[in-house]
Asks: 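If you scroll down you'll find the structure; I have some questions about it.
Start at 1 with the first residue, then count along the sequence. Note that this is a predicted model, so its numbers are computed, not measured.
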Amino acid sequence: MEHPLEDGWTLPASWYSSEVVHRLELERIFARSWQYVGRLDQLPETGSFFSSQVAHVPVVVVRDGSGELRGFVNVCRHRGHLVAEGEGCRATLQCPYHAWTYGLDGTLLKAPRSEREPDFDPDAFALLPVSVTTWGPFVFANPDPGAPPFALLLDGVREAVEGSGLDLDALVFRRRVEWEAPVNWKNAVENYLECYHCAVAHPGLAKVVDVDPDMYAVVARPLSTSQFADVRPGVREGTARAPYRPRDGIESAQYHHLWPSTTIDIEAGRPNVSMDVWLPAGPGRTTGYSDYFFAPDVADEEMEEIIAFSQQVGMEDQSLVESVQAGLDSGAVPQGRLFGESERLIGHFQRRIHAALTSPA
Ligand code: FES
Ligand SMILES: [Fe+2]
């Protein structure tokens, strides 16, 4: 890298389209990181399961016979077919290809014709375990079975979210919105990590929340970042014009990023949260989804207003990052320049990426 990150330079533009960097990120970052994968309400009883992905790794989360949550790599130990699909409730997990059948604890219970293979040891072919945990109604997984505690990611974020007035355990899932963008995942996440662009690119958002740098607080922690925005005076009362008028409930907006690619958005107004996942589907493609949760008494109309507000911001962001991707792909500007104050969280994120990809494996 010609110019060091420490002096305010960005990661090289080439890192946003390189297949080699993409493969390294999957291996060095995503294969050993926590990510939001689904909801506790999908796992009400013994045998309940849902399939999901931690970046490129298919996972399945089940509630086992003792009521504990367990996670497995959702790849058959036979020849790799995905074992579970969608969600539901089953006594065992059976692969649809040749019917290898696994218990809720992952052990291989049955493999048709295995009795004809005298040296086959079923105990050696259990589903591979992954780490699983929950926070309120949210389920997180990490492909690394020896993952560091999830609590390390929540340090500071938990206090902010719980301090917002949200009753996490009472939240009800209402909608998933899926999306994809022809951009590198780092480009998409970096756009999320600064509101320097908000006054210019998000006129609707900027009318509701105060995006002035003196009013907009950002916090960087080792494995998370947070952004806090107050509602502009008069908006809540309806005396100032805005596209969205936050009603009773959450006083101010919060936007949290959990390393590497889960984000948590709380808009001001009726109790709401969206859990967002950004998946690197290739060097130049990001897929993702937003799971929207609300307090049970939030009316449909109030819910739609919040979702529309957040989707509008998302569409504006998509057009920004697509343009940035075209610029990065050109290679004409090999390294950009970050502003240490306004883009502090991007600098933090990029130093972490750099360390993960360049430190000894
Ligand atoms: S790949 Fe699963 S049973 Fe053959
Ligand atoms: Fe934005």
Side-chain angles (χ1 to χ4, degrees), residues 1 5 10-38 50-61 71-77 79-85 127-133 139-148 150 152-153 178-193 222-225 257-263 275-290 321 324-325 328-329 346 348-361:
M1 208 170 340
L5 301 183
T10 63
L11 289 173
S14 59
W15 285 30
Y16 293 73
S17 57
S18 154
E19 184 68 42
V20 173
V21 169
H22 171 64
R23 299 302 315 175
L24 257 187
E25 287 170 347
L26 297 185
E27 184 188 312
R28 298 275 187 94
I29 297 174
F30 289 94
R32 44 180 92 159
S33 292
W34 288 100
Q35 186 208 283
Y36 169 74
V37 288
F50 67 76
S51 62
S52 187
Q53 299 255 141
V54 177
H56 58 307
V57 183
V59 298
V60 55
V61 183
F72 304 104
V73 173
N74 189 22
V75 176
C76 185
R77 294 294 307 278
R79 282 190 17 237
H81 198 286
L82 301 189
V83 178
E85 198 192 325
L127 290 176
L128 300 172
V130 306
S131 300
V132 169
T133 194
V139 179
F140 290 80
N142 184 327
D144 178 358
F150 176 67
L152 294 176
L153 270 85
E178 296 182 350
W179 53 271
E180 69 174 280
V183 305
N184 183 268
W185 74 281
K186 300 187 293 299
N187 172 6
V189 169
E190 288 164 8
N191 170 73
Y192 179 92
L193 291 175
L223 292 168
S224 68
T225 66
H257 170 251
L258 305 182
W259 171 261
S261 67
T262 299
T263 57
M275 300 296 293
D276 310 306
V277 163
W278 317 58
L279 302 171
R285 200 163 81 90
T286 303
T287 59
Y289 53 85
S290 302
V321 298
V324 166
Q325 192 67 39
L328 293 169
D329 287 350
I346 299 182
H348 180 70
F349 174 75
Q350 294 196 349
R351 285 191 294 277
R352 215 180 157 87
I353 296 279
H354 185 263
L357 300 194
T358 57
S359 58

Asks: Can a donor-acceptor pair be found, under 3.5 Å and without considering hydrogens, that links the side chain of Asn74 to the backbone of Val83?
Replies: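 Checked: pair present.
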Asks: Quick one about Gln350 and Glu190 (side-chain donor to acceptor, distance below 3.5 Å, no hydrogens or angles considered), yes or no?
Replies: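 Yes, Gln350 and Glu190 have a side-chain donor paired with an acceptor closer than 3.5 Å.
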Asks: Is it true that Trp185 and Phe30 have ring centroids separated by less than 6.0 Å?
Replies: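 They qualify: ring centres under 6.0 Å apart.
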Asks: So Arg352 and Ile29, do their side chains get closer than 4.5 Å, heavy atoms only?
Replies: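 With C-beta onward as the side chain, the pair stays apart.
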Asks: Of all heavy-atom pairs between Val75 and Pro58, which one has the smallest distance, and what is that distance?
Replies: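 It is CG2-CG, 3.9 Å.
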Asks: Trp259 vs Thr225, test: side chain to side chain contact (heavy atoms under 4.5 Å, CB included). Steps then yes/no.
Replies: CA-CA 8 Å; Trp259 171 261; Thr225 66; over 6 Å; no
Asks: Side chains of Pro280 and Leu26, heavy atoms from C-beta outward: is any pair under 4.5 Å?
Replies: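 With C-beta onward as the side chain, the pair touches.
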Asks: Rounded to the nearest 0.5 Å, what separates atom NE2 in His257 from atom OG1 in Thr262?
Replies: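 The OG1 atom of Thr262 is 7.5 Å from NE2 of His257, to the nearest 0.5 Å.
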Asks: Do Phe349 and Tyr192 have side chains that approach each other closer than 4.5 Å (heavy atoms only, starting at C-beta)?
Replies: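 The answer is no, as the side chains (C-beta and beyond) never meet within the 4.5 Å cut-off.
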Asks: Looking only at heavy atoms, which two atoms of Thr287 and Ala281 are closest? And how far apart?
Replies: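 Heavy atoms only, the tightest pair is CG2-CB, 4.0 Å.
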Asks: Between Phe72 and Val130, which heavy-atom pair has the shortest distance, and what is it?
Replies: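 Shortest heavy-atom separation between Phe72 and Val130 comes out as N-CG2, 3.6 Å.
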Asks: So, do Trp34 and Thr133 sit near enough that their side-chain heavy atoms are less than 4.5 Å apart?
Replies: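 Counting from C-beta outward, Trp34 and Thr133 do come under 4.5 Å.
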Asks: Short question: side chain of Ser52, backbone of Gly38 - any donor-acceptor pair under 3.5 Å?
Replies: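 Pair absent, no side-chain N/O of Ser52 close to backbone of Gly38.
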Asks: Determine the minimum heavy-atom distance between Val183 and Ala188, stating which atoms define it.
Replies: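 Distance-wise, the nearest heavy atoms are CG2-CB, 4.1 Å.
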Asks: Using 0.5 Å steps for rounding, measure from the OG atom of Ser17 to the CG atom of Asp329.
Replies: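 Spacing of OG (Ser17) from CG (Asp329) equals 5.0 Å.
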Asks: Between Arg285 (side chain) and Pro182 (backbone), is there a donor-acceptor pair under 3.5 Å?
Replies: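 Looks like no, no N/O pair under 3.5 Å.
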Asks: Check whether any side-chain heavy atom of Leu11 lies under 4.5 Å from a side-chain heavy atom of Leu5, and answer yes or no.
Replies: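 A side-chain contact under 4.5 Å exists here.
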Asks: Take Phe140 and Gln35 through the test side chain to side chain contact (heavy atoms under 4.5 Å, CB included) and record every step on the way to the result.
Replies: CA-CA 5 Å; Phe140 290 80; Gln35 186 208 283; 5.8 Å; no
Asks: Got a second to check how far Leu357's CG is from Glu25's CD, nearest 0.5 Å?
Replies: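 One finds 5.5 Å between CG of Leu357 and CD of Glu25.
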Asks: So which atom in Ala31 and which in Asn142 form the shortest heavy-atom distance, rounded to 0.1 Å?
Replies: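 For Ala31 versus Asn142, the nearest heavy atoms are O-OD1, 4.1 Å.
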Asks: Gln325 pairs by side chain to side chain donor-acceptor pair (under 3.5 Å) with which of Asn187, Asn184, Thr286?
Replies: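 Among the candidates, only Asn187 passes.
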Asks: Quick one: OG on Ser51 to CD on Glu85, what's the gap to the nearest 0.5 Å?
Replies: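 Between Ser51 OG and Glu85 CD, I get 7.0 Å after rounding to 0.5 Å.
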Asks: Answer yes or no: is there an ion pair linking Glu27 with Arg32, defined by an N-O contact shorter than 4.0 Å?
Replies: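 The answer is no: the pair does not qualify as a salt bridge.
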Asks: Check for a donor-acceptor pair, side chain of Arg28 on one end and backbone N or O of Ile353 on the other, with a separation under 3.5 Å.
Replies: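 It does not hold such a pair.
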Asks: Do Pro260 and Ser33 come within less than 4.5 Å of each other through their side chains, counting heavy atoms only?
Replies: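 Of all side-chain heavy-atom pairs linking Ser33 with Pro260, at least one is under 4.5 Å.
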Asks: What distance separates Trp278 CH2 from Ser290 OG, expressed to the nearest 0.5 Å?
Replies: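 So the gap between those two atoms works out to 8.0 Å.
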Asks: Check step by step if side chain to side chain contact (heavy atoms under 4.5 Å, CB included) holds for Val21 and Lys186.
Replies: CA-CA 11 Å; Val21 169; Lys186 300 187 293 299; 4.2 Å; yes
Asks: Hey, could you give me the NE2/CG distance between His22 and Leu24, rounded to the nearest 0.5 Å?
Replies: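 Here the rounded value is 10.5 Å.
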Asks: Between Leu193 and Asn191, is a side chain to side chain contact (heavy atoms under 4.5 Å, CB included) present by the stated rule, with each step listed?
Replies: CA-CA 5 Å; Leu193 291 175; Asn191 170 73; over 6 Å; no
Asks: Would you say Leu279 and His56 make side-chain contact, with heavy atoms under 4.5 Å?
Replies: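 No - every pair of side-chain heavy atoms lies 4.5 Å or more apart.
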Asks: Do Val139 and Phe50 make a side-chain contact, defined as non-hydrogen atoms from C-beta onward lying under 4.5 Å apart?
Replies: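 In contact.
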Asks: Taking all non-hydrogen atoms of both residues into account, name the closest pair between Ala141 and Val54 and its distance.
Replies: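 Of all heavy-atom pairs spanning Ala141 and Val54, the closest is O-CG2, 3.9 Å.
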